[in-house]
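All residue numbers in this chain count up from 1 along the given sequence.
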Amino acid sequence: TDVGAYAFATSEAATKLRSLDVSYCASLSDDGVAAIAERCGALEYLNLSGLHRVTDQAALRVTHSLWRLRTLSLEDLHLITDVVFFFDRTKDGRALARERMLGELREIRLAECTRLTDRAFAGLSVRAKHLEKLHCRGVAQLTDAGLGYLRVEPEFKQARGANLQVLDLAYNLLVDLPASFGGLTALQTLNLDNNRLTALPESFGSLTALQTLYLYGNRLTALPASFG
């Protein structure tokens, strides 16, 4: 419960905690998650999957306060929106928060976060410079424009994606992939199952580290020549 989460978060042990999984704790809401975010500053792994009562209010506390996070799971949080990945100078004006927000993140899980759009991936691209694993199956509003941010962040046009090794885009409504996709040269596993793809860009031939590729449930008739 929120009461239990607060009691734990205010204990001495919580300040040293590195890993926490509270996934699918149905009674947890914004109050409990906010307490964790404010008091458990050493966390490097946090799983909030399936907390259906959690909104942007608590999710913003997580992204703005837990600066050491390397793995964050927000799967099936159907109430959160794009704002979670943007610095909120109105409610949190801390310069250090703006500088360090999501800066250590290596893996994020966003499957079934149905309110997220391309804008969320723009914000994530600006902040998570060293991302290695991105799981976003079932994010139906994601388009090829959003995928473009995996290669170039929109604020300063800096390159991204050099470290990305695992990318799960299954069960979306993707029709196209950007040509810049071929720049994800560290990519080892790519899941594109159950989209609406009719072709893959020629730049796929540049994915020289790719070991596992899932394409089931698309409308492809051939692979690009460069891929052979």
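Between Arg68 and Glu104, no side-chain nitrogen of the basic residue sits less than 4.0 Å from a carboxylate oxygen of the acidic one, so the salt-bridge criterion is not met.
Minimum heavy-atom separation, Ser65 to Arg94: OG-NH2, 3.4 Å. A pairwise comparison of heavy atoms in Ala162 and Ala186 identifies O-CB, 3.3 Å as the closest pair. In plain terms, the two heavy atoms of Ala37 and Leu66 that are nearest each other are O-CD2, 3.5 Å. Shown here for Met101 and Val84, the closest heavy-atom pair between the two residues is CE-O, 3.6 Å. Nearest approach of Tyr216 to Asp193, heavy atoms of both residues: N-OD1, 2.7 Å. Minimum interatomic distance between Pro178 and Pro201 (heavy atoms only, all atoms of both residues): O-CG, 3.9 Å.
Checked by atom type and distance alone, the side chain of Asp118 never pairs as donor or acceptor with a backbone atom of Leu142 at under 3.5 Å. The backbone N or O of Asp30 sits nowhere less than 3.5 Å from a side-chain atom of Arg61 that would complete a donor-acceptor pair. In this structure, the side chain of Ser203 engages the main chain of Ala179 through a donor-acceptor pair within 3.5 Å. A donor-acceptor pair under 3.5 Å links the side-chain atoms of Asn218 to the main chain of Asn195, judged by distance alone. Gln141 places a side-chain N or O within donor-acceptor distance of the main-chain N or O of Thr114, the cut-off being under 3.5 Å. Checked by atom type and distance alone, the side chain of Asn172 pairs as donor or acceptor with a backbone atom of Gly138 at under 3.5 Å. Of the possible polar contacts, none joining the Arg98 side chain to the Asp92 backbone as a donor-acceptor pair under 3.5 Å is found. With hydrogens and angles disregarded, no donor-acceptor distance shorter than 3.5 Å links the side chain of Asn191 to the backbone of Ala170.
Looking at Asp31 and Tyr6, their side chains never come closer than 4.5 Å, going by heavy atoms from C-beta outward. Side-chain contact between Leu150 and Ser125: absent, with no pair of heavy atoms (C-beta onward) separated by less than 4.5 Å. Within the 4.5 Å cutoff, the side chain of His64 has no heavy atoms near those of the Glu38 side chain. Side-chain contact between Glu112 and Ser49 is absent, with no heavy-atom pair separated by less than 4.5 Å. Contact of the Leu48 side chain with the Ile36 side chain is not registered, since no non-hydrogen atoms from C-beta on lie closer than 4.5 Å. Side-chain atoms of Leu184 and Leu207, non-hydrogen and from C-beta on, do get closer than 4.5 Å to each other. No side-chain heavy atom of Asp88 sits under 4.5 Å from any side-chain heavy atom of Val83. Inter-residue side-chain proximity for Asn47 and Val22 is flagged as unmet; no heavy-atom pair is nearer than 4.5 Å.
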Starting from the C-alpha separation in whole Å, work towards a yes-or-no answer on side chain to side chain contact (heavy atoms under 4.5 Å, CB included) for Val175 and Asp144. CA-CA 8 Å; Val175 177; Asp144 61 323; over 6 Å; no

Tell me, with the steps shown, if Asn194 and Tyr171 meet side chain to side chain donor-acceptor pair (under 3.5 Å). CA-CA 5 Å; Asn194 293 287; Tyr171 292 93; 3.2 Å; yes

Hey, mind stepping through Arg70 and Glu107 against side chain to side chain contact (heavy atoms under 4.5 Å, CB included) and telling me if it holds? CA-CA 6 Å; Arg70 295 176 66 88; Glu107 178 176 7; over 6 Å; no

Could you give me the CA-CA distance, side-chain angles and deciding distance for Leu134 and Ile108, then say whether side chain to side chain contact (heavy atoms under 4.5 Å, CB included) is met? CA-CA 5 Å; Leu134 174 59; Ile108 188 164; 3.5 Å; yes

Walk me through it: do His78 and Arg115 pass the test side chain to side chain contact (heavy atoms under 4.5 Å, CB included)? CA-CA 6 Å; His78 62 271; Arg115 294 193 180 188; 5.7 Å; no

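By the rule that hydrophobic residues join a cluster once side-chain heavy atoms approach within less than 4.5 Å of another member, Leu167 and Leu213 end up as members of one cluster. Cluster membership check: Val126 does not share its hydrophobic cluster with Leu116, using side-chain heavy-atom separations under 4.5 Å among Ile, Leu, Val, Met, Phe, Trp and Tyr. In this structure, Leu72 is a member of the same hydrophobic cluster as Leu110, with clusters built from ILVMFWY side-chain heavy atoms closer than 4.5 Å. Hydrophobic clustering (side-chain heavy atoms under 4.5 Å, transitive across Ile, Leu, Val, Met, Phe, Trp, Tyr) groups Leu187 together with Leu223. Both Val62 and Leu51 are assigned to one and the same hydrophobic cluster, defined by single-linkage of ILVMFWY side chains at heavy-atom distances under 4.5 Å.
For the atom pair Lys133 NZ and Thr71 OG1, the distance stands at 7.5 Å (nearest 0.5 Å). Between atom CG of residue Leu46 and atom OG of residue Ser23 there is a gap of 10.0 Å, rounded to the nearest 0.5 Å. Between the CZ atom of Arg151 and the CD atom of Glu153 there is a distance of 12.0 Å, given to the nearest 0.5 Å. Here the CZ atom belonging to Arg109 is positioned 9.5 Å from the CZ atom belonging to Arg137, to the nearest 0.5 angstrom. To the nearest 0.5 Å, atom CH2 of residue Trp67 and atom CG of residue Leu43 are 14.0 Å apart. Taking CZ from Arg196 and CG from Leu174, the interatomic distance works out to 10.0 Å, rounded to the nearest 0.5 Å.
For Tyr45, the OH atom counts as densely surrounded, since its 6.0 Å shell holds more than 12 non-hydrogen atoms of other residues, nucleotides or ligands. Shown here is Phe8, whose CZ atom has more than 12 heavy atoms of other residues, nucleotides or ligands within 6.0 Å. Annotation for Arg18: atom CZ does not count as buried by contact number, only 12 or fewer foreign heavy atoms lying within 6.0 Å.
With Thr55 as the fixed residue, the side chain to side chain contact (heavy atoms under 4.5 Å, CB included) test singles out one of Leu77, Leu79, Val33, Ile80: Leu79.
Between Tyr24 and His52, the two ring planes are perpendicular [angle over 60°; tilted spans 30° to 60°].
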